[in-house]
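This report concerns only the one structure given below.
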Protein chains: 2
Amino acid sequence: MSQNKRADLIRKALLLFYRNGFHATGMDLVARETGVSKTSIYKHFRTKEELILAVLRLRDENFRNWLFRRMEELADTPQGQLLAMFDALEEWFHEDGFKGCMFIKASAEYQNPNDAINAQSYAHKRMLVDHFEALATQARADDPHVLARQLLLLKEGAIVIAAMSHSPEAAREAKSVATLLLSS
Amino acid sequence: MSQNKRADLIRKALLLFYRNGFHATGMDLVARETGVSKTSIYKHFRTKEELILAVLRLRDENFRNWLFRRMEELADTPQGQLLAMFDALEEWFHEDGFKGCMFIKASAEYQNPNDAINAQSYAHKRMLVDHFEALATQARADDPHVLARQLLLLKEGAIVIAAMSHSPEAAREAKSVATLLLSS
DNA sequence: ATCAACGTGTACTGATCGGTTAACTCAATC
DNA sequence: GATTGAGTTAACCGATCAGTACACGTTGAT
């Protein structure tokens with residue numbers, strides 16, 4: 001299997017797991033929907049867990065690239081970018097296939113701290129907060145570390161409520177709190 | 001089966017679903033761990049979904065009772081109670097068996113808006129935010145509706161991050177944001 | 001003592017779970 | 001042209017999935 005086909009498999013598996021959940025998506029369904037036989041899948045991934053980890057790596061890369069790029073497109077100061085994150089989130093919430101955060105869902109289905117899926121899900125959040133902290137430092141915030149973590153709370157809260165309510169308005173509410181945080 | 005045994009079954013099933021997840025917990029395990037045979041379980045609940053709905057009803061009742069009571073114990077003004085919510089949350093995060101919010105996890109595993117489990121999970125959040133709004137109104141907030149929803153975002157964000165990071169510190173960070181919100 | 005009604009547990013259903021076996025295809029090498 | 005080896009497939013593995021059929025023991029009424 002070429003690198004292209006492998007990447008294609010991961011991409012298609014991502015959509016399945018994102019839409020249906022991890023436990024609820026069997027490997028037979030993955031094989032059927034991707035057009036790759038189970039034997040071939042298991043040539044490249046020793047277990048379902050390894051496939052999920054590859055999916056999460058792709059999701060992490062895609063999501064961070066998209067979010068950070070969008071923040072830069074929407075604003076040119078560090079403060080502005082941190083605020084613009086919530087505009088980017090609102091765009092995401094409006095997308096047709098929006099079903100919440102894949103990493104929150106992954107850590108909800110694999111709760112054991114020793115589980116690689118659990119660890120990798122939280123690693124994604126740490127990478128996000130590190131970026132926020134760097135921007136907060138550039139913005140000369142009093143306490144960049146705390147500010148970054150507070151913004152993360154708002155972001156995760158907004159994602160969870162947007163997903164559960166099937167409505168994007170949480171993004172604006174979170175942004176208004178963030179505005180207050182960044183002006184104080 | 002008496003009402004006691006039925007209630008006992010729901011209580012034990014709650015722990016199993018909370019610890020292991022919904023899809024990952026089979027009905028055979030529920031029967032084994034509760035000491036009630038599958039036949040008896042299915043006499044009272046036509047499907048696994050109905051059992052889960054009963055579990056969620058119990059969880060909703062228990063959690064709201066606990067949270068609202070704890071808020072009242074910790075403070076006597078409406079503002080104080082809204083702030084004290086984050087102290088109550090921190091107590092929860094410190095508990096041994098803390099594994100995040102059952103309703104967030106339920107809606108993560110049952111994402112279809114038409115699914116009763118999904119609807120009931122969001123109903124829990126609406127009941128919480130209604131209580132927050134009543135308190136915010138008593139506290140003479142400028143916009144009690146928006147304030148209540150902002151506090152909900154902070155609460156959900158704190159729960160998600162506390163669960164993913166296996167650390168309770170998110171409660172304090174959320175509280176500091178709430179303090180700012182309630183003083184402005 | 002007999003019978004009916006009910007609650008329960010054992011053992012089963014077909015389907016699906018994650019994962020594997022063995023046969024097959026086909027291009028590259030000698 | 002025979003051989004090899006990587007990539008593919010259908011068929012299968014035991015275990016478990018949600019859910020059910022049925023036999024059994026107990027109970028209360030007659």
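Every chain is numbered from 1 and lettered A, B, ... according to where its sequence line falls, protein lines coming before strand lines. Since this is a predicted model, take the numbers as computed values, not measurements.
- Taking the side-chain contact (heavy atoms from CB on, under 4.5 Å) definition, one finds that A:Gln150 meets it with A:Val146, A:Leu147, A:Leu181, B:Glu173, B:Ser176, B:Val177, sequence neighbours left out.
- Sorted by first then second residue, the salt bridge (charged side-chain N to carboxylate O under 4.0 Å, His left out) pairs that include residues 21-33 of chain A, not counting sequence neighbours, are A:Asp28-A:Lys38.
- Checked against side-chain contact (heavy atoms from CB on, under 4.5 Å), B:Ala75 has the following partners two or more places apart in sequence or in another chain: B:Gln81, B:Ala84.
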Kindly give the atom pairs (protein nitrogen or oxygen, nucleotide nitrogen or oxygen) under 3.5 Å for nucleotides 19-24 of chain C.
unit_1 : atom_1 : unit_2  : atom_2 : d
C:dG19 : OP2    : A:Tyr42 : OH     : 2.9
C:dG19 : OP2    : A:Lys48 : N      : 2.7
C:dG19 : N7     : A:Lys38 : NZ     : 2.6
C:dG19 : O6     : A:Lys38 : NZ     : 2.3
C:dT21 : O4     : A:Thr39 : OG1    : 3.2

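- In this structure, the side-chain contact (heavy atoms from CB on, under 4.5 Å) partners of B:Ala139, at least two apart in sequence or on a different chain, are B:Pro78, B:Gln79.
- Put simply, NE2 on A:His23 is 9 Å from P on C:dG18, counting in whole angstrom units.
- With the end axes of the helix from C:dA1-D:dT30 to C:dC30-D:dG1 each set by five pairs, the angle from one to the other reads 20° at 10° resolution.
- Rounded to whole Å, atom C1' of C:dC17 lies 16 Å from atom CG of A:Leu16.
- Rounded to whole Å, atom P of D:dG7 lies 12 Å from atom CZ of A:Arg6.
- For the pair B:Lys105 and B:Phe22, the NZ or CZ position fails the cation-pi test of under 6.0 Å to the six-membered ring centre and within 45 degrees of the ring normal.
- Between B:Arg32 atom CZ and D:dA18 atom C1' there is a gap of 15 Å when expressed in whole angstrom units.
- Nucleotide D:dG7 holds its P atom 17 Å from the CG atom of A:Asp8, rounded to whole Å.
- Pairs of residues two or more places apart, or lying in two chains, that qualify as ring-ring contact (aromatic ring centres under 6.0 Å, His included) and include a residue from residues 129-184 of chain B are B:Phe68-B:His131.
- Atom-to-atom, CD1 of B:Ile41 to C1' of D:dT20 comes out at 14 Å; the value is rounded to the nearest Å.
- We find that NE2 of A:His44 is positioned 11 Å from P of D:dT9, with the value rounded to whole Å.
- For residues 63-81 of chain B, the salt bridge (charged side-chain N to carboxylate O under 4.0 Å, His left out) pairs, not counting sequence neighbours, are B:Asp60-B:Arg64, B:Arg69-B:Glu73, B:Arg70-B:Glu73, B:Arg70-B:Glu91.
- Applying the 4.0 Å criterion to OP1 and OP2 of C:dG7, one finds that B:Ser40 has every side-chain N and O outside that range.
- A:Leu51 has its CG atom 15 Å from the C1' atom of C:dC17, to the nearest Å.
- A:Arg172 is linked by a side-chain contact (heavy atoms from CB on, under 4.5 Å) to A:Glu90, counting only residues two or more places apart in sequence or in another chain.
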Working for salt bridge (charged side-chain N to carboxylate O under 4.0 Å, His left out), residues A:Arg126 and A:Asp130: CA-CA 6 Å; A:Arg126 270 188 275 108; A:Asp130 285 350; over 6 Å; no
